[in-house]
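As the structure is a prediction and not an experimental result, all values here were calculated from the model.
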Amino acid sequence: VRGPGGVEVTRAFPVAPARQGEAKDHPHHTSMWLAHGDVNGHDFWHAKGTTPRVDVVGEPEVATKAGVTTVDMIADWVAKPGEAILRETRRMTLSENGGVRHIDVDVRLEALVDVTFGDTKEGTFALRLHPAQRLRGEVAKGKALDSEGRADRALWGKRSRWVAYHGPIDGEEVGVAIFDHPDNARHPTWWHARDYGLVGANPFGVHDFEKKPAGTGDLELEEGETLRMRYRVRIHTGATAAKNLEAAWRDWSGQSASKGEPQGSDGRDS
């Protein structure tokens, strides 16, 4: 994933050879991705073996108009050979304005059978950041914050409207934030945000994050129901204050400051 000016903000490994000082842990952390560790008991997060897996159906459609690029794609979440349990329809919209790059991800997951997203921390919409933005490690120089004023390691397992990491990449300060849409299930989401560069929005992992009874975070879809998930990845150069990130989140989400704290729906399309 590249930001303004082409700066690479995600880890190279395993998509490309690792950079100097870049760890080769967690080979399933593939730049920017959507997956979950328990869907009807199947682990799509770690992607070991030939299944479970997510298969792209057909060719993605790419279009650019007035400087905005859209990528439309369909994928099947295949639990085992010949058994797709989810049909994913995704639109990614890429734009840049005023030195800030946005990647908007709008996903609809249609249940092809009755589906349960299981209560686990291993998920769900995630980035594995450039090693310079890690909080610890050989070349780590990163910092992190969230919409509630927490910093660095205190972000893990907490709920917030957005999280942001920043640090110098090739001598330039770069920030990467993920925004959670207020209509997403269980907004504000929990964050699987680690000090080694993983940052993931996870609305299902209540047991791990809050030590509540196992299964508390389960979310069920009946066959034919659709779960919609929307996120914005915001990439900028230079320092950005928390108040500016909050204003950017509100502008994107349509939430004015006077509306107070929005609460998420169940995420299902009507």
Side-chain angles (χ1 to χ4, degrees), residues 1 10-18 23-62 71-92 103 105-128 178 184-186 189-190 192 194 196-209 214-231 267-269:
V1 175
T10 51
R11 180 175 74 165
F13 178 82
V15 179
K24 296 181 181 179
D25 59 83
H26 299 84
H28 51 285
H29 292 177
T30 51
S31 186
M32 183 181 81
W33 73 104
L34 175 75
H36 193 64
D38 181 355
V39 186
N40 284 6
H42 301 284
D43 183 357
F44 288 88
W45 181 255
H46 291 95
K48 295 179 179 179
T50 57
T51 53
R53 67 175 185 270
V54 179
D55 285 342
V56 176
V57 178
E59 292 291 331
E61 297 182 1
V62 181
V71 181
D72 292 298
M73 57 166 283
I74 297 172
D76 284 341
W77 292 44
V78 180
K80 52 188 178 182
E83 184 182 331
I85 60 176
L86 288 169
R87 167 63 60 94
E88 174 183 338
T89 303
R90 180 190 302 195
R91 166 165 283 194
M92 294 187 291
I103 304 173
V105 181
D106 188 343
V107 170
R108 288 173 171 84
L109 296 173
E110 179 189 358
L112 303 180
V113 298
D114 291 348
V115 165
T116 299
F117 294 88
D119 187 341
T120 174
K121 64 181 175 61
E122 307 295 358
T124 304
F125 175 71
L127 294 172
R128 180 63 188 265
I178 303 178
N184 284 351
R186 299 169 179 167
T189 194
W190 293 263
H192 191 20
R194 293 299 201 188
Y196 57 79
L198 170 68
V199 52
N202 181 342
F204 311 116
V206 182
H207 166 65
D208 287 319
F209 297 142
T216 301
D218 287 359
L219 189 149
E220 298 178 356
L221 292 180
E222 294 182 358
E223 181 179 351
E225 283 192 305
T226 298
L227 178 68
R228 188 179 186 186
M229 308 172 79
R230 282 178 281 179
Y231 303 99
R268 292 173 173 83
D269 278 353

Under the criterion side chain to side chain contact (heavy atoms under 4.5 Å, CB included), I'd like the reasoning laid out for E110 against L86: C-alpha separation, chi angles, the key distance, then a yes or no.
CA-CA 5 Å; E110 179 189 358; L86 288 169; over 6 Å; no
Evaluate the criterion side chain to side chain contact (heavy atoms under 4.5 Å, CB included) for residue pair V115 and E220; output intermediate values, then yes/no.
CA-CA 6 Å; V115 165; E220 298 178 356; over 6 Å; no
Before you tell me yes or no, could you show the steps for L227 and F117 under side chain to side chain contact (heavy atoms under 4.5 Å, CB included), namely the whole-Å CA-CA distance, both residues' side-chain angles and the distance that decides it to 0.1 Å?
CA-CA 11 Å; L227 178 68; F117 294 88; 4.0 Å; yes
Start with the C-alpha distance between F44 and I85, add both sets of side-chain angles, then the distance that settles side chain to side chain contact (heavy atoms under 4.5 Å, CB included), and finish with yes or no.
CA-CA 12 Å; F44 288 88; I85 60 176; 4.1 Å; yes
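T10 places a side-chain N or O within donor-acceptor distance of the main-chain N or O of V1, the cut-off being under 3.5 Å. Of the possible polar contacts, one joining the R11 side chain to the A23 backbone as a donor-acceptor pair under 3.5 Å is found. In this structure, the side chain of N40 engages the main chain of D114 through a donor-acceptor pair within 3.5 Å.
Just one of L219, V206, D38 meets the side-chain contact (heavy atoms from CB on, under 4.5 Å) condition when paired with D119; it is V206.
In this structure, the side chains of F204 and R186 come closer than 4.5 Å at one or more pairs of heavy atoms. Residues R230 and V107 have side chains not in contact (no heavy-atom distance under 4.5 Å, counting atoms from C-beta outward). F209 places a side-chain heavy atom less than 4.5 Å from the side chain of N202. Counting only heavy atoms from C-beta outward, the side chains of T216 and H207 never approach each other to under 4.5 Å. Annotation: side chain of D106 is in contact with side chain of R228 (closest heavy-atom distance under 4.5 Å). With contacts defined as side-chain heavy-atom distances shorter than 4.5 Å, the pair N184/Y231 qualifies. The side-chain heavy atoms of M32 and I103, taken from C-beta on, include a pair separated by under 4.5 Å. Looking at V56 and M73, their side chains come closer than 4.5 Å, going by heavy atoms from C-beta outward.
The NE2 atom of H26 lies 5.0 Å from the NE2 atom of H28; values are rounded to the nearest 0.5 Å. Rounding to the nearest 0.5 Å gives a distance of 8.0 Å between CG of L109 and CG of L221. Taking CZ of R108 as the start and OG1 of T226 as the end, the distance is 8.0 Å to the nearest 0.5 Å. Atom CZ of R87 is separated from atom CD1 of I74 by 5.5 Å, given to the nearest 0.5 angstrom.
With sequence neighbours left out, F13 forms a ring pair (Phe, Tyr, Trp, His ring centres under 6.0 Å) with no residue at all. Residues passing the salt bridge (Lys or Arg N to Asp or Glu O under 4.0 Å) test with E83, sequence neighbours excluded: K80.
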Which atom pairs, one a donor and one an acceptor, fall under 3.5 Å between side chains of residues 120-128 and the rest of the protein, sequence neighbours left out?
residue : atom : partner : partner atom : Å
T120    : OG1  : E122    : N            : 3.2
E122    : OE1  : W45     : NE1          : 3.2
T124    : OG1  : H36     : ND1          : 3.0
R128    : NE   : Y196    : O            : 3.3
R128    : NH1  : D25     : OD1          : 2.9
R128    : NH1  : H29     : ND1          : 3.0
R128    : NH2  : D25     : OD1          : 3.2
R128    : NH2  : D25     : OD2          : 3.3
R128    : NH2  : Y196    : O            : 3.3

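Between P17 and A12 the shortest heavy-atom distance is O-CB, 3.5 Å. When all heavy atoms are compared, the tightest approach of V54 to A75 is CG1-CB, 3.6 Å. Here the shortest heavy-atom pairing between R53 and T50 reads NH1-O, 2.9 Å. Smallest separation of non-hydrogen atoms from T189 and A201: CG2-CB, 3.9 Å. Closest heavy-atom contact between P203 and A185: CB-O, 3.6 Å.
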